[in-house]
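Take a look at the structure set out below.
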There are 2 protein chains.
Amino acid sequence: MWKASGVNVFRLSRITDYGIVLMAHIAEQGDGSLHSARDVADQTELPLPVVSKILKSLTREGLLRSHRGSKGGYSLERSAAEITVPQLITALDGPIHLTECASHSGACAKEASCHVREPWQRINAAVEEALARITLSDLISTTPGSIVPLISLGVDTRELDTAAEKGRG
Amino acid sequence: MWKASGVNVFRLSRITDYGIVLMAHIAEQGDGSLHSARDVADQTELPLPVVSKILKSLTREGLLRSHRGSKGGYSLERSAAEITVPQLITALDGPIHLTECASHSGACAKEASCHVREPWQRINAAVEEALARITLSDLISTTPGSIVPLISLGVDTRELDTAAEKGRG
DNA sequence: GATTAATAGGACCGCATCCGTACTGTATGT
DNA sequence: ACATACAGTACGGATGCGGTCCTATTAATC
């Protein structure tokens, strides 16, 4: 059966997906370590042009510090604990606006007759908040059973499951 | 200056955006009320074909109940308080998987060398959880100052602002 | 100073897919 | 019967992501 839109529209871009992988890789080697785009590409098994492009963007957005010339490379601008997921997303995908009308007033011609604009902004804030509580260092903590990030969110995964059940009727 | 990818990729589809508006409109009239696609389209000032398409999807996903024939229309299958945002998103945009590797193992050929897969799944769950705490009735509550959904999340918006500042360096 | 290695910035295009429309079929009330 | 309204599908245009390539600039090394 068809759906109104695609199969899975609510996603981050592949560039951002890769970007987080790259940042995690760099962070794993220590906050001050230096990495050339080539090295990172080799070790993550991602195409060099893509890696290069992403690292350049992250540098321009202030998340990485670049060192040009021979023996150059990239290092974290701040410590991994100070880099949050929304910062990474914003750097690569642009500001987090789940819908057009969640961003700013004036974006939608139907604003006057629409009663959902302000709630959308709240939803947007809720998502951004949830993500802001997860830092790059959380992403590289290698304790498999750890649910520290979720606990800090006050998350009870049982509720999620329950809601999903109900959603499926 | 260019970016690695577009200006704002992390968004819901327009169909889902509309879908929430439509559901909110229907819910506003009361849980049992009946609405034809034409009426909803007229009142929300959205194109009828689009509205029709979305309502059909929502029906098939179990969020609306349809009544065919003359004097037919759509009504909520459940009360507005029992319909959550992730259910709406899932119905129209498909399951919430922020990235490919957040969905299921085997989707990414680089799984073996990737240390970020499990954290991505946690991020995904965090977002879904945050959204699951917001119901359709929250969206139509017309109390402008209400931050009940945010409070239930334990959200402190000052932290978000601070993080955003830091992100911009 | 020449050379090499590495980042900076941007141009370009194929391809996927979202968005909206149109059309046929089926059910229901008058 | 007829009109109304939903069900399901097919289809095309436009947008923009995903990935590559090229040139300029900067820094270390010999």
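Residue numbers start from 1 in every chain, and the chains themselves are labelled A, B, ... in the order their sequence lines are given, proteins ahead of strands. Since the model is a prediction, treat every value here as computed from it, not as a measurement.
- Donor-acceptor pairing under 3.5 Å is lacking for the side chains of B:Arg38 and B:Gln43.
- Between A:Tyr18 and A:Leu92 there is no side-chain heavy-atom pair separated by less than 4.5 Å.
- The distance between atom CG of A:Leu48 and atom P of D:dT20, rounded to the nearest whole Å, is 9 Å.
- In summary, the side chains of A:Ser33 and A:His35 do present a donor paired with an acceptor at a separation below 3.5 Å, with no hydrogens or angles considered.
- With a 4.5 Å cut-off on side-chain heavy atoms, B:Ile54 and B:Leu46 do not count as touching.
- To the nearest angstrom, P of C:dT7 lies 13 Å from CG of A:Leu58.
- Put simply, B:Ser70 has no side-chain N or O that comes within less than 4.0 Å of OP1 or OP2 on C:dA27.
- Along DNA chain D, the nucleotide closest to A:Lys71 and the one closest to A:Arg14 are compared, and the more 5′ of them pairs with A:Arg14.
- Distances shown here put every side-chain N or O of A:Tyr18 at or beyond 4.0 Å from the OP1 or OP2 atom of D:dC17.
- Whole-Å rounding puts the A:His35 NE2 to C:dT7 P distance at 12 Å.
- Put simply, B:Ser66 has a side-chain N or O that comes within less than 4.0 Å of OP1 or OP2 on D:dA7.
- Ranking C:dG10, D:dG18, C:dT21 by closeness to the A:Lys56 side chain, first place goes to C:dG10.
- Relative to the side chain of B:Ala37, the nucleotides D:dC6, C:dA8, D:dA7 differ in distance, and D:dC6 lies closest.
- Regarding B:Arg60, its CZ atom lies at a distance of 10 Å from the C1' atom of D:dG8, rounded to whole Å.
- Using a 4.5 Å heavy-atom cutoff, the side chains of A:Leu136 and A:Met23 are in contact.
- Within 4.0 Å of A:Ser52, counting heavy atoms only, lies no atom of the nucleic acid at all.
- Interface remark: the A:Lys53 side chain does not form any donor-acceptor pair with the D:dG18 base, using a distance-only criterion of under 3.5 Å.
- Phosphate proximity of D:dC17 to A:Arg11: absent, as no side-chain N or O sits under 4.0 Å from OP1 or OP2.
- Here D:dA7 presents its P atom at 12 Å from CZ of B:Arg65, a figure rounded to the nearest Å.
- Comparing A:His67 and A:Pro49, the nucleotide of DNA chain D nearest to each residue sits closer to the 5' end for A:Pro49.
- The base of D:dT25 sits with one of its N or O atoms less than 3.5 Å from a complementary donor or acceptor on the side chain of A:Arg68.
- Remark: P of C:dT7 and CD1 of A:Ile26 are 10 Å apart, rounded to the nearest angstrom.
- One can place CG of A:Asp39 at 13 Å from P of C:dA5, the figure rounded to the nearest angstrom.
- Atom CD1 of A:Ile54 and atom C1' of C:dA8 are 16 Å apart (whole Å).
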